[in-house]
Amino acid sequence: MSHPENATEFLKDQAKAKWHDETLWFVRDKRDRISKTIPEWEQLREIASQIKDNVLANLGSYLEDFERNAQKNGIKVHWAANGEEHNQLVLDILQKQNCTAIVKSKSILTEECHLNPFLEKHGVEVVDTDLGERIVQFLNQPPSHIVLPAIHLKKGEISDLFHEKLHTEKGNEDPSYLTNAARIHLREKFLKAKVAITGVNFGIAETGEFVVCTNEGNADMGVHLADVHIACMGIEKILPRRKDLGVFLRLLARSATGQPVTNYNSHFRSPSPGKEMHIILVDNGRTAQLAREKFKNSLKCIRCGACMNTCPIYRRSGGFSYGSTVPGPIGSILSPGLDMKKHSTLPFASTLCGSCSDVCPVKINIHEQLYEWRQEITKTHGEFGKGLSMKLANGIFKSPLAYKISGNLMRSALKALPDSLIYHPLNTWGKNRNLPETPKESFQQWYQKNRS
Amino acid sequence: MSSRENILSAIRGVSIAPKSLPEIPDFRLSGELVETFTQSILGNKGEVLTKVEFDNWLPNAKFSKIISLSSHFQNESTISLPEDPHELEDLGLAILDGQFGVAENGAIWLEDSNLGLRALPFITEHLVIVLNRKNLVETMHQGYNLIGNAESGFGLFIAGPSKTADIEQSLVIGAHGAKSLRVVLV
Ligand code: SF4
């Protein structure tokens, strides 16, 4: 299904859609407030962006440094060209351990590789241990947000689910009660697992260590109790120096949830005596994206989710409407690179208001890349594009100059698009959605000037 | 070719103009260190205690299993550190020394040498970290300066108790790890 069709589905439950919208806006607001307490915030974003530029320009040598240093510290390093190879590498390690039950902590990469169904097919029980991920796993759903996996669910739904799966009291919706039930249930899994899988937030070339950040402590509960730790890392997660973490840890949690830092930030350098540590470096389309001049910057993403929380389309259409592992604005520029036909509607799921680029801690030009993808898609896959709706929008979008004048101006432009365009039946994302409030005057001037 | 060679050669096939690595300024913080640190810990849902407050609290908390690896509280352990972390399943309290604390966010740095077992601060029901108030720094930049080239196999910043907001964004303390964090400033 296309994004507009999925979004229509999401909007059927209007009360829930409104809650979703407001809750994510609240998270966005928390991010704004905390970022304003750091005078050097904009400088930090700029430095983070420059560090990532340097990483993209030297990715090969940094990966080699990382590998060499990690091996020196006793970590086993594997390379996977794609999801299948990644999954097979994981399975090989599990089979060597005769392991049939594992715990896993938040890893978008393993979602991207579809690791769970693969392992289950081979008789391995996979338990996602992040509370939100466990909830969606019980429902056989993917996460709907990369930081808040169960944000599409209300506590009543989770209460019913836990009543069925964990035998909690029927109708008890108290989040503390439900969380405690999950704690007891997952503790048992942690204590039994011989192998634990985690994602990776940052890999450090100069030391060969990697860093995993959580608030729940689930990654650490898993790996420190297990005999074997498998860490799965996209090749773009490299940072050159340990001290770069100072910049990125200051930005990550503040951008993600508006908290000053995640409560647990673990730096893995070598395994405990007698234990094993593996890291799998995964490409899965990343080198192809690196080769796309216009889109390579999307690889700077640190998966904070800020662009989702701020996006008027994401907030009002839900993560599932994107039909891609990473939803929201960043997902809409990553996914077409993996499968342009399947994800052809995603770059259109945007008002191009530029709010995503404004909040991105590594300053990815997200809205500009969305615009570029629209060009690519209408050029090569016109028939999958938005057809008439797109043609209507062309009046505004076709001029790169007008577009580049500024994100703010575009915001105004969109706000003041004639209702007949925004709420045109073909422009499905316009349904039930109010565009952001904008200063009317500046638009009027702009519109007068550009209408001809 | 192996995937390793394929990936590396694909990367080499892309020419990207060289970009230099920026120097990171030594960003500082205004305000009083202990006060800022304390506010940060409170914000992360932890508590900050003086040694006297801690001494009053501990006997009343009535833990049956305590492990203290802190040089400041050498006589508090009721059990010794096992070899297998699974035996810590019903540990009530762990008392550990932190190396330094970061005022801007309350993050406290610990390494293998402070932890005994890496699972300890997670599996324990409650956690106390003892920190010398002289070892507070302003921001994460100074924190990483202190870590320098340390070669511990494992190190971590702990900034609060285990927490989650995955159910309707309601904050719940005590997801999987320690249900509370008390920082004793000495
Ligand atoms: S694109 Fe930027 S804002 Fe969006 S998730 Fe990635 S780092 Fe965060």
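Being a predicted model, the structure only gives us computed values, none of them experimental.
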Region of B:I147 that comes under 4.5 Å of a non-hydrogen atom in chain A
both
Chain B contact via A:P271 - which portion, at a heavy-atom distance below 4.5 Å
backbone
Would you indicate whether B:E5, at its atom CD, is surrounded by more than 12 heavy atoms from other residues, nucleotides or ligands within a distance under 6.0 Å?
yes
Measuring heavy-atom distances to chain A, does B:S152 have an atom under 4.5 Å in its side chain, in its backbone, in both, or in neither?
backbone
Side chain to side chain donor-acceptor pair (under 3.5 Å) against B:E151, all qualifying residues, sequence neighbours excluded
none
Could you pull out the closest heavy-atom pair between A:P175 and B:I167, with the gap in Å?
O-CD1, 4.0 Å
Within the structure provided, determine whether B:L117 and A:S272 are in side-chain contact (heavy-atom separation under 4.5 Å).
no
Using only atom types and a distance under 3.5 Å, with no angle test, would you say the side chain of A:N215 pairs donor to acceptor with the backbone of B:K163?
no
With a 4.5 Å heavy-atom cut-off, do A:L44 and B:F27 have their side chains touching?
yes
With a 4.5 angstrom heavy-atom cut-off, which part of B:E104 approaches chain A: side chain, backbone, both or neither?
both
B:H86 (side chain) donor-acceptor with A:L191 (main chain) under 3.5 angstrom
yes
Where on B:A165 is there a heavy atom nearer than 4.5 Å to chain A: the side chain, the backbone, both, or neither?
neither
Is a side-chain donor or acceptor of A:E216 paired with a backbone partner of B:T164 at a separation under 3.5 angstrom?
no
Minimum heavy-atom distance B:N105-A:P260, with the two atoms named:
CB-CB, 3.6 Å
Consider ring pair (Phe, Tyr, Trp, His ring centres under 6.0 Å). Of B:F157, B:F122, B:F154, which one does A:Y264 pass it with?
B:F122
A:L245 versus chain B, the contacting section by heavy-atom distance below 4.5 Å:
both
Taking only residues two or more places apart in sequence, or in another chain, which ones meet A:E236 in a side chain to side chain contact (heavy atoms under 4.5 Å, CB included)?
A:R286, A:L299, A:R303
Top contributor to chain B contacts, counting heavy-atom pairs under 4.5 Å, from A:A81, A:G217, A:G60, A:S266
A:S266
Any idea which heavy atoms bring B:D166 and A:P149 closest together, and the distance?
OD1-CD, 3.9 Å
What's the shortest heavy-atom distance between B:A159 and A:V261, and which atoms?
CB-CG1, 3.5 Å
Heavy-atom distances under 4.5 Å only: say whether A:A291 touches chain B with side chain, backbone, both or neither.
both
Residue, of A:N180, A:L153, A:L186, that accumulates the most heavy atom pairs under 4.5 Å with chain B:
A:L186
Side-chain heavy atoms of A:K243 within contact of B:H141, under 4.5 Å
no
Chain A interface, residue from B:G177, B:G160, B:S15, B:A119 that has the most non-hydrogen pairs under 4.5 Å:
B:G160
Once rounded to the nearest 0.5 Å, what's the spacing between atom CD of A:Q43 and atom CD1 of B:I24?
12.0 Å
Where is the tightest heavy-atom contact between B:P22 and A:I51, given as atom of each residue plus distance?
CG-CG1, 3.7 Å
Below 4.0 angstrom, N of the basic side chain to O of the carboxylate: do A:R183 and B:E125 qualify?
no
Heavy-atom proximity to chain B below 4.5 Å, by part of A:N82
neither
Whatever's closer than 4.5 Å to a heavy atom in chain B on A:Q50 counts as both
Is A:V27 close to chain B through its backbone or its side chain, or both, or neither, when contacts mean heavy atoms under 4.5 Å?
side chain
Salt bridge check: are B:E23 and A:R241 linked by an N-O gap of less than 4.0 Å?
yes
Should the heavy atoms of other residues, nucleotides or ligands under 6.0 Å from CG of B:D84 be counted, would the total exceed 12?
yes
So for atom CG, which belongs to B:N75, do other residues, nucleotides or ligands contribute more than 12 heavy atoms lying within a distance under 6.0 Å?
no
A:K155 side, atom NZ; B:S170 side, atom OG - distance, nearest 0.5 Å
5.5 Å
Using atom types as modelled and distance alone, determine if a side-chain donor or acceptor of A:R242 lies under 3.5 Å from a backbone N or O of B:A150.
yes
Shortest non-hydrogen separation from A:N54 to B:K19 and the atoms involved
ND2-O, 2.6 Å
For B:I123, does its backbone N or O pair with a side-chain atom of A:R187 as donor and acceptor, under 3.5 Å?
yes
Is A:E173 in contact with chain B via its backbone, its side chain, both, or neither, using a 4.5 Å heavy-atom distance?
neither
Is B:N6 in contact with chain A via its backbone, its side chain, both, or neither, using a 4.5 Å heavy-atom distance?
neither
Could you tell me which portion of A:T262 (side chain, backbone, both or neither) has an atom closer than 4.5 angstrom to a non-hydrogen atom of chain B?
backbone
Once rounded to the nearest 0.5 Å, what's the spacing between atom CG of A:L281 and atom OG of B:S3?
11.0 Å
Take atom CD in A:Q88; do more than 12 heavy atoms of anything else shown fall under 6.0 Å from it?
yes
When rounded to the nearest 0.5 Å, the distance separating CG of A:N284 from CD1 of B:I7 is 9.5 Å
CD of B:Q169 to OG1 of A:T23, rounded to nearest 0.5 Å, is 7.0 Å
Considering only heavy atoms, which portion of A:I158 lies under 4.5 Å from any heavy atom of chain B: side chain, backbone, both, or neither?
side chain
If you measure from CG on A:L59 to CZ on B:R12, what distance do you get to the nearest 0.5 Å?
10.0 Å
With a 4.5 angstrom heavy-atom cut-off, which part of A:I184 approaches chain B: side chain, backbone, both or neither?
neither
Could you look at B:R4 and say if it's the side chain, the backbone, both or neither that has a heavy atom under 4.5 Å from chain A?
both
Contact check, side chains of A:N58 and B:L21, non-hydrogen atoms, under 4.5 Å
no
Please state whether the side chain, the backbone, both or neither of B:L8 comes within less than 4.5 Å of a heavy atom of chain A.
side chain
Counting heavy atoms not belonging to A:K275, are there more than 12 under 6.0 Å from its NZ?
yes
Sort out for me which of B:E111, B:R118, B:E89 touches chain A most, counting heavy-atom pairs under 4.5 Å.
B:R118
By a 4.5 Å heavy-atom criterion (distance strictly below it), what part of A:L131 contacts chain B: side chain, backbone, both, or neither?
both
Spell out, as yes or no, whether a donor-acceptor pair under 3.5 Å connects the side chain of B:H176 to the backbone of A:T129.
yes
For A:N218, which atoms come within 4.5 Å of any heavy atom of chain B: side chain, backbone, both, or neither?
both
When only pairs under 4.5 Å are counted, which of A:A253, A:S176, A:A150 shares the most heavy-atom pairs with chain B?
A:S176
What's the verdict on side-chain contact (heavy atoms from CB on, under 4.5 Å) for A:L290 and B:I11, showing C-alpha distance, side-chain angles and the deciding distance?
CA-CA 8 Å; A:L290 189 69; B:I11 294 170; 4.1 Å; yes
Applying a strict 4.5 Å limit to non-hydrogen atoms, the region of B:Y144 in contact with chain A is side chain
